[in-house]
Amino acid sequence: MSTFARHILAACALTTLSACATITPPQDARLYTGVTLLDPVTERRTENAWVLVSQGRIVDTGAGRAPNVHADHRIDMNGAYALPGFIDTHAHVTLGRLSVVRENGTPALVATSEDEITAHNARMLVAFGVTTIRNPGGSSEANAAYAERVRSGALLGPEARAAGEILDQISFSGLAVRVTDAASIEAAVAAQADAGMNYIKLYHLLDETQFRAGVEAAHRHGLQAITHTGDITWDRAAELGVDAIVHAMPISADSLPLSARDGYRDASETGSHAFYEWWERADLDSPEIQRLIAALAAHDVTVDLTLVVFQKTFWGDDTSVRDSGAAYVHPLMAQNWQTFRFDIGWQAAHYERARAVWPKIQRFARMLHEAGVRITIGTDQANPFVSPGYDTIAEMQLHQEAGLPAWAILRMATNEAAETLGMGDRIGRIAPGYEADIVFLNADPSANIANAFQMRAVMINGALHDADTLRETASR
Ligand SMILES: [Zn+2]
C-alpha cells in the first residue's frame, strides 16, 4: 500500500466511512465545502466537512479530503453549520384571511385561501429553513393545488403532507366539514383521500362515536388520523387509535382531578378562556395525567404542542412578545388579526391568569419528553400572530425554555418528524440518498437553539437560496 493510500485510509477511519472519497462525482454535481455538519441523530459535530449534491439528492458527505469536482462546481460555505432542513408539523400554509359572511341572514365564518398569501407563507417558511411541513387542515382543493404547484416548480415552498377540511360537528367554509353519522364521516374521508390528502383531522366537538368512526375511516383509506381534542381525553384518543394530537391543550374535564371537574364545567368564561381555566385546575402529579402520558407513550401517539400560538395569546397584550415575528407576516394577515384572534375580550386579569399557568405547560412538555412521548415541532402557522418560518424556530426555542435538551429538539424538528410523517427514508438527515434539504447557519444551535435564527442559506431539493433574499422577496 502506498503512503498516500495509507494516509487516505487513516483519514477515513478518523471520520466516517463516506469520507473515503473514491466515488466519481456525477457531471452536474455540486460540492459544498467548509461546513460544520451537525447530526442530531448522533449528536455529532463534524468540522471541515463537505456535502456532494446532484439531481436534488445528497450523493455523499464526509470530512477532510473531498471528491474532485470542477472548480466552478465547488462552493465554499465558509464555516457554516449545516443541519437537515426543518419540518414544521403544524403549518396551515394555504390558509388565508377569515371573514364573516351572511348566509340566509345569519353570520357565518369563512376561511379563504389566497394565492398571494400562500406564496408568501411558503417562501418565508423556506427562508427560515423549513423545507417540509405537515399542513393539518384547510381546503382540500387549495392543499392539492399547493402540492402540485410545489411539485412542478411553479411555487417555491416546503413539500407538504396535508389534511383537508377538518371533521367537526359544525361546518366552517374553507376549513371544516360538518359530519354526523358514520356514513357522513366515511363520505368526508373518502373525498379527502380522493383529493390526495394524507391525514384526516378530527376536531374537538366530535363525540366518541364520531371520533372512533373518523379514526377507523381514516385508517381504512390508508390515512393517518390527527386530532385537536375537546371532551375526549388524550388517553382515550390514544386508545381509539389516533396517530397524532395537536396543541398543548388536553382540556377535557375528565383529565382533571375529580374534585376540580364541576368547577371547570361551570366556569363562567368560555371559548379561549378554557386554555387557562383548564391548566389552573390540572394536577400534573395526578393519576389522570399519569394515565394520559402513559397512554400516549404506549400507543406511540405523536404530539405537537404549538407552544408559540399559546404564547401569542397569553401575551396578546404585550407587543414585544406578540409581534416578535411580525416583520415576516403577510400584511393582509396582520390586518386580519386585528379582528380575528383568540384573546378577543380578554382583560388584564385574564392575561395574568393565562401567564401564570405557563410554567405548568412547560413542565408538561418536559414530562412528555421524559416519558418517551414523540414530540414534533409545530407552530399553528396562519393563526393569529404566528409568523411563517420565524416561529418554527421560536417554537423550538420555547421547547428549550421548557427544559428540553437542544439536540433532542433538533431531532424533533428533523429526523423524528420525518419518521412521523412516513418520510424518514428520504428526508430528515444529511446522508447519501436523502433529499438535499439543508439549512446553513452562521452559528451553532446545538447548545443554543436561538442560533438557528442566524440563517445564512437554505437548500431545498438541491437548490441553494440566500436566506435574506428569500425574506426580502417573499412579499412581492
Ligand atoms: Zn391548527
Side-chain angles (χ1 to χ4, degrees), residues 87-98 109-113 117-118 121-122 124-125 130 132-140 142-143 146 158 160-168 170-177 192 197-206 214 218 224-230 232 234 237 242-251 271-272 274-275 301-314 325 329-330 333 336-337 340-343 361 375-392 394-395 398 417 420-421:
I87 300 168
D88 187 327
T89 54
H90 203 130
H92 299 277
V93 69
T94 61
L95 199 57
R97 287 175 286 178
L98 304 186
L109 264 181
V110 171
T112 58
S113 181
I117 296 174
T118 300
N121 291 339
M124 207 56 99
L125 284 160
V130 179
T132 308
I133 57 169
R134 181 176 67 187
N135 173 351
S139 149
S140 295
N143 291 348
Y146 175 87
R161 308 270 290 169
E165 292 81 2
I166 55 192
L167 273 57
D168 205 354
I170 53 168
S171 79
F172 182 156
S173 177
L175 189 57
V177 56
Q192 292 189 27
M197 298 299 105
N198 313 101
Y199 305 96
I200 295 300
K201 171 94 165 270
L202 303 168
Y203 220 51
H204 66 128
L205 295 177
L206 298 179
Q224 283 191 17
I226 57 183
T227 187
H228 167 176
T229 58
I232 297 171
W234 282 16
V242 84
D243 299 285
I245 295 177
V246 301
H247 303 313
M249 292 290 150
I251 58 170
S272 59
F275 294 168
V301 176
T302 306
V303 175
D304 65 67
L305 298 168
T306 69
L307 298 175
V308 73
V309 74
F310 298 111
Q311 186 199 35
K312 301 291 186 189
T313 304
F314 293 3
V329 171
H330 193 283
M333 292 301 283
N336 198 224
W337 297 336
F340 294 101
R341 43 195 290 179
F342 295 124
D343 55 351
I361 298 175
I375 297 176
T376 56
I377 298 298
T379 55
D380 216 1
Q381 176 267 318
N383 272 301
F385 309 107
V386 179
S387 306
Y390 177 91
D391 278 330
T392 309
E395 179 73 22
L398 288 173
T420 296
L421 269 51

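First listed ligand is number 1; within each ligand, the first listed atom is number 1. What you see is a predicted model, and the numbers here were worked out from it, not measured in a lab. Scope of the values below: all heavy atoms of this structure, side chains included, with no hydrogens, waters or symmetry mates.
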N/O donor-acceptor pair under 3.5 Å between Asp243 side chain and Ala225 backbone:
yes

Using the side chain to side chain contact (heavy atoms under 4.5 Å, CB included) definition, which of the options Thr392, Thr313, Asp391 pairs with Val308?
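Only one option passes, and that is Asp391.
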
The Zn ion (ligand 1) - number of protein N/O/S atoms closer than 2.8 Å
3

Do Ser113 and Thr118 come within less than 4.5 Å of each other through their side chains, counting heavy atoms only?
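Answer yes - side chains close enough.
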
Do Pro136 and Tyr199 make a side-chain contact, defined as non-hydrogen atoms from C-beta onward lying under 4.5 Å apart?
no

Strictly by modelled atom types, are Glu395 and Thr306 linked by a side-chain donor-acceptor pair under 3.5 Å?
no

Out of Thr302, Asp304, Asn198, which residue meets the side-chain hydrogen bond (donor to acceptor under 3.5 Å, both in side chains) rule with Arg134?
Asp304

